[in-house]
Amino acid sequence: MNAELRRLRNYIDGEFRDAADGRTTEVIDPAKGAAYATAPLSAAADVDAAMAAAEAAFPAWRDATPGTRQRAILKIADALEARQDELLAAECENTGKPLELTRQEELPMMLDQIRFFAGAARMLEGKAAGEYMEGLTSFVRREPVGVCAQVAPWNYPMMMAVWKFAPALAAGNTVVLKPSDTTPASTVFMAEVIGGVLAELDLPRGIFNVVCGDRDTGRLMVEHSVPAMASITGSVRAGMEVAGSAAKDLKRVHLELGGKAPVVVFDDADIPAAVEGIRDGGFFNAGQDCTAATRVLVHENVHDEFVAALAKAASEVKTGDLSDEDCFYGPLNNATHLEKVTGFIDRLPAHAKVESGGERVGENGYFYAPTVVSGLRQEDEIIQNEVFGPVITVQSFSDEEQAVKWSNDVEYALASSVWTKDHGRAMRMSKALDFGCVWINTHIPLVAEMPHGGFKKSGYGKDLSAYGFDDYTRVKHVMTAL
């Protein structure tokens, strides 16, 4: 193994540690296709240590006042912001994302979300206390669930870590968080910053722990006897495995899984605005987003005009190295994923037409061209399954009924959008679309105050918002005789 590779370590009970058995995995820079670091390949002993630390820290953090938790979480946001250059460097080297675009588009949202949940720590709500039975007063306590085992994905390592730990900590839980084995760097860096804040405030060291590892490490965390809740953002396969494992001892489960967002463009839509919005919503982060605008349904009256405009817009989108200020997205995350995305294009049916892109870019790294495919049918593989890459498909529909039927005719149900100037139609579609989010004349913006989460095989539970905060609490009824 190359001795010059950077050494990432687990963060357990306030200190950095190697895996107990010394095993590591290589961390690949996807822009170069070469290893630049190693990370622990954690096993049962490491998971046991992290769970023990979180369990020991839980009573003190649970019993801390909401104000104490808020102050700590606000300090975490401030500390991350103060070291944002280091955080961004870790994130972008690990993912290949454009540095300045990530600074503008992801960092402010991430910090805002941490600060939102800091405020939520002081806004627990429940049914009003009252005499619902004569001579007896009832009230509701909102309590943390306990230790949370959390598994974050590789597409937004920095932000998805925040979506996991911020609501959990705000509600008074303690955390054992596992980043993806391909993108651990920014999470390990955040552990250093968060640990520093906890030490400064003289809070228990085991409140926040990071365990690096692979799928087996995640399974050990979910099946461990200590956590009261398991939360994962990942594939449908991974989510089903987590749900099955958690069912063995009835852990609470929070799943944010895949997506196949329909983007419905009616013939009265502002076509240039729709093309621009769909281009950005489809190709941002190389399409590696479960809400990406990658399955477009266009009314037959404007189909040809739309396809020509989108193909032209796609041809002008640039992918490239993280230091290139002109590129809109970086590489795909790993070699296996590049092969998966390429496979969808290689297997296209004869009736499909590649309007733009459709090929790998360069020989180094995992770059793929912005791609538009038309002529597709509802039963085609690329329509039914999540590509998770910079590939936008286009179908033609004839009326509103058909648009709704085809939109809902997939196993995923996370996000969707409607493009029309007809308010009544927009409202009908927002009711009929069976997805956790419906955007109207836009696609992909998220705000901390609104919930994010889907139905069907996109999982259950909500991220962000008060609804996401509530997922990390349990409800207790207290009744007393007068």
Side-chain angles (χ1 to χ4, degrees), residues 10-17 42 44-76 114 117-118 120-124 126 140-152 161-179 187 190-191 193-211 217-218 220-232 242 245-246 249-254 461 468-476 478:
N10 291 331
Y11 186 79
I12 298 174
D13 203 17
E15 63 182 25
F16 284 102
R17 306 181 187 180
S42 299
D46 310 297
V47 172
D48 287 344
M51 293 300 174
E55 185 177 36
F58 175 64
W61 187 241
R62 174 198 62 202
D63 295 339
T65 64
T68 296
R69 293 201 294 268
Q70 181 192 47
R71 285 191 296 274
I73 296 168
L74 287 174
K75 278 185 173 290
I76 288 170
I114 296 173
F117 283 113
R122 302 181 77 161
M123 292 297 291
L124 282 170
V140 169
R141 293 180 59 90
R142 279 273 185 184
E143 299 177 342
V145 296
V147 175
C148 296
Q150 302 183 315
V151 180
V162 165
W163 286 22
K164 297 298 179 195
F165 76 71
L169 295 183
N173 303 285
T174 54
V175 165
V176 178
L177 174 64
K178 190 192 86 68
T187 307
M190 284 195 283
V193 175
I194 293 171
V197 170
L198 296 176
E200 177 188 345
L201 297 176
D202 197 25
L203 290 167
R205 298 185 300 172
I207 289 172
F208 180 79
N209 306 272
V210 171
V211 174
T217 311
L220 288 169
M221 288 172 53
V222 173
E223 293 180 351
H224 201 279
S225 61
V226 166
M229 180 174 179
S231 173
I232 177 175
V242 166
S245 295
D249 57 359
L250 297 179
K251 286 185 178 69
R252 184 179 296 197
V253 179
H254 184 282
F469 182 56
D470 286 351
D471 281 353
Y472 285 95
T473 68
R474 63 184 190 181
V475 176
K476 177 186 288 183
V478 179

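Nothing fancy with the numbering, it's 1 onward along the sequence. What you see is a predicted model, and the numbers here were worked out from it, not measured in a lab.
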- Message: Under a 3.5 Å distance rule, please check whether Arg141 uses its side chain to pair with a backbone N or O of Val478 as donor and acceptor.
- Response: no

- So, the side chain of Arg252 versus the backbone of Thr473: is there a donor-acceptor pair under 3.5 Å, distance only? yes

- Just by distance, do the side chain of Arg69 and the backbone of Ala170 share a donor-acceptor pair under 3.5 Å? yes

- Note on the structure: Value for CG (Asn209) from CD (Glu15), rounded to nearest 0.5 Å, stands at 10.5 Å

- Message: Using every non-hydrogen atom in the two residues, find where Arg62 and Pro144 come nearest and quote the distance to one decimal.
- Response: CG-CG, 3.6 Å

- With side chains defined as the heavy atoms from C-beta onward, is the minimum distance between Val140 and Lys476 less than 4.5 Å? no

- Query: Within the distance-only criterion (no hydrogens, no angle test), does the side chain of Lys251 pair as donor or acceptor with the backbone N or O of Ser245 below 3.5 angstrom?
  - Reply: no

- Measure the CE-OG1 distance between Met51 and Thr174 for me, rounded to the nearest 0.5 Å. 9.0 Å

- Message: How close do His224 and Val47 get, counting heavy atoms only, and between which atoms?
- Response: CD2-CG1, 3.8 Å

- Task: Specify the closest pair of heavy atoms between Gly206 and Asp13, including all atoms of both residues, with the distance to one decimal.
- Result: N-OD1, 3.5 Å

- Message: Can you tell me how far apart CG (Leu203) and CG (Leu169) are? Round to the nearest 0.5 Å.
- Response: 10.5 Å

- Ala230 to Val242 - nearest heavy-atom pair and separation: CB-CG1, 4.2 Å

- Straight-line distance of His254 NE2 to Trp163 CH2, nearest 0.5 Å: 10.0 Å

- Query: Can you check whether Val147's main-chain N or O pairs, donor with acceptor, with Asn173's side chain at less than 3.5 Å?
  - Reply: no

- Task: Could you pull out the closest heavy-atom pair between Asp471 and Met229, with the gap in Å?
- Result: O-CE, 3.6 Å

- Task: Could you walk me through whether Lys75 and Leu201 pass the side chain to side chain contact (heavy atoms under 4.5 Å, CB included) test, one step at a time?
- Result: CA-CA 10 Å; Lys75 278 185 173 290; Leu201 297 176; 3.7 Å; yes

- Task: Take Val175 and Lys164 through the test side chain to side chain contact (heavy atoms under 4.5 Å, CB included) and record every step on the way to the result.
- Result: CA-CA 9 Å; Val175 165; Lys164 297 298 179 195; over 6 Å; no

- Message: Below 30° counts as parallel, above 60° as perpendicular, anything between as tilted: where do the rings of Phe208 and Phe165 land?
- Response: perpendicular

- Lys178 side chain reached by Thr187 side chain, heavy atoms, under 4.5 Å: no

- Could you give the distance from CG (Asp48) to CD (Glu55), rounded to the nearest 0.5 Å? 11.0 Å

- Query: Out of curiosity, Ile207 CD1 to Leu198 CG, how far, rounded to the nearest 0.5 Å?
  - Reply: 5.0 Å

- Item | Closest non-hydrogen atom pair, Ala120 against Phe469 | O-CE2, 3.1 Å

- Message: Please check: side-chain N/O of Ser42 versus main-chain N/O of Thr217, any donor-acceptor pairing under 3.5 Å?
- Response: no

